[in-house]
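See structure below.
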Amino acid sequence: YQRRVRGLCTLLKQVLKDTMAEEAREHSRRHQAWICDTLRAHDNECTYEVLVEEGEKHQCDTVGAMLKILKSRKVLGFKEMFLMYPMHKNEIVTLLIPDYDPMTNPSS
């Protein structure tokens, strides 16, 4: 009996862990989506400061990390390796793939 209970507990922990990981991925995709939307609204480029200010509206404190992810996927372009606010607030961020949708292309 105890072995079955332990097995069920292990299974439940894994299911919860997987669910939480998927929720985190979905949260990240939503942040990436508003970043792309903001850039499209500014003719596919704006300063990092504009994105940070928009991020505040979305309760996003990981704008720099989201930009780095999108840059690694070649969706965005900017000169620095990683942007930090306010040091890089005037850095121009460019949307290189204007029709990119992180909700439908999460890993491309």
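All values below were derived from every heavy atom in this structure, side-chain atoms included, with hydrogens, water molecules and symmetry-related copies excluded.
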For [X], give me all partners under side-chain hydrogen bond (donor to acceptor under 3.5 Å, both in side chains), at least two apart in sequence or on another chain.
X     : value
Glu80 : none
Asn44 : none
Glu53 : none

Original post:
Taking only residues at least two apart or on different chains, which pairs with a member in residues 45-78 satisfy ring pair (Phe, Tyr, Trp, His ring centres under 6.0 Å)?
Top reply: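 Listed by first then second residue: Trp34-His58.
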**OP:** For residues Ala33 and Met103, report the shortest heavy-atom separation together with the two atoms involved.
**Re:**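 Between these two residues, the closest heavy atoms are CB-CG, 4.4 Å.
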Original post:
Does the pair Leu51 and Leu83 meet the rule for a side chain to side chain contact (heavy atoms under 4.5 Å, CB included), with working shown?
Top reply: CA-CA 11 Å; Leu51 294 171; Leu83 299 177; over 6 Å; no
Subject >> Candidate pair Lys89 and Val52, rule side chain to side chain contact (heavy atoms under 4.5 Å, CB included), full reasoning >> reply: CA-CA 8 Å; Lys89 69 181 184 178; Val52 169; over 6 Å; no
**OP:** Could you go through the side chain to side chain contact (heavy atoms under 4.5 Å, CB included) check for Leu95 and Val75 one step at a time?
**Re:** CA-CA 6 Å; Leu95 183 60; Val75 174; 3.8 Å; yes
Original post:
Hey, what do you get for CG (Leu76) to CD (Glu45), rounding to the nearest 0.5 Å?
Top reply: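 Nearest 0.5 Å value for the CG-CD distance: 12.0 Å.
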Subject >> CD1 on Ile35 to CZ on Arg30, rounded to 0.5 Å >> reply: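 Between atom CZ of Arg30 and atom CD1 of Ile35 there are 13.0 Å.
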Original post:
For Ser28 and Gln32, does a side-chain donor sit closer than 3.5 Å to a side-chain acceptor?
Top reply: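 Ser28 vs Gln32: donor-acceptor pair found between side chains.
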Original post:
Is there a path from Leu39 to Ile97 through hydrophobic residues (I, L, V, M, F, W, Y) whose side chains come within less than 4.5 Å of each other?
Top reply: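 Cluster IDs for Leu39 and Ile97 match.
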Which atom pairs, one a donor and one an acceptor, fall under 3.5 Å between side chains of residues 59-69 and the rest of the protein, sequence neighbours left out?
{"from": "Gln59", "atom 1": "NE2", "to": "Lys57", "atom 2": "O", "distance (Å)": "3.4"}

**OP:** For the pair Glu91 (side chain) and Lys79 (backbone), establish whether a donor and an acceptor sit closer than 3.5 Å, ignoring hydrogens and angles.
**Re:**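 Present.
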Original post:
Using a side-chain heavy atom cutoff under 4.5 Å and only I, L, V, M, F, W and Y, what cluster partners does Phe82 have?
Top reply: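 Besides Phe82, the cluster holds Met84, Met87.
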Original post:
Can you list the steps and then say if Asp101 with Cys36 is a side chain to side chain contact (heavy atoms under 4.5 Å, CB included)?
Top reply: CA-CA 8 Å; Asp101 180 2; Cys36 292; over 6 Å; no
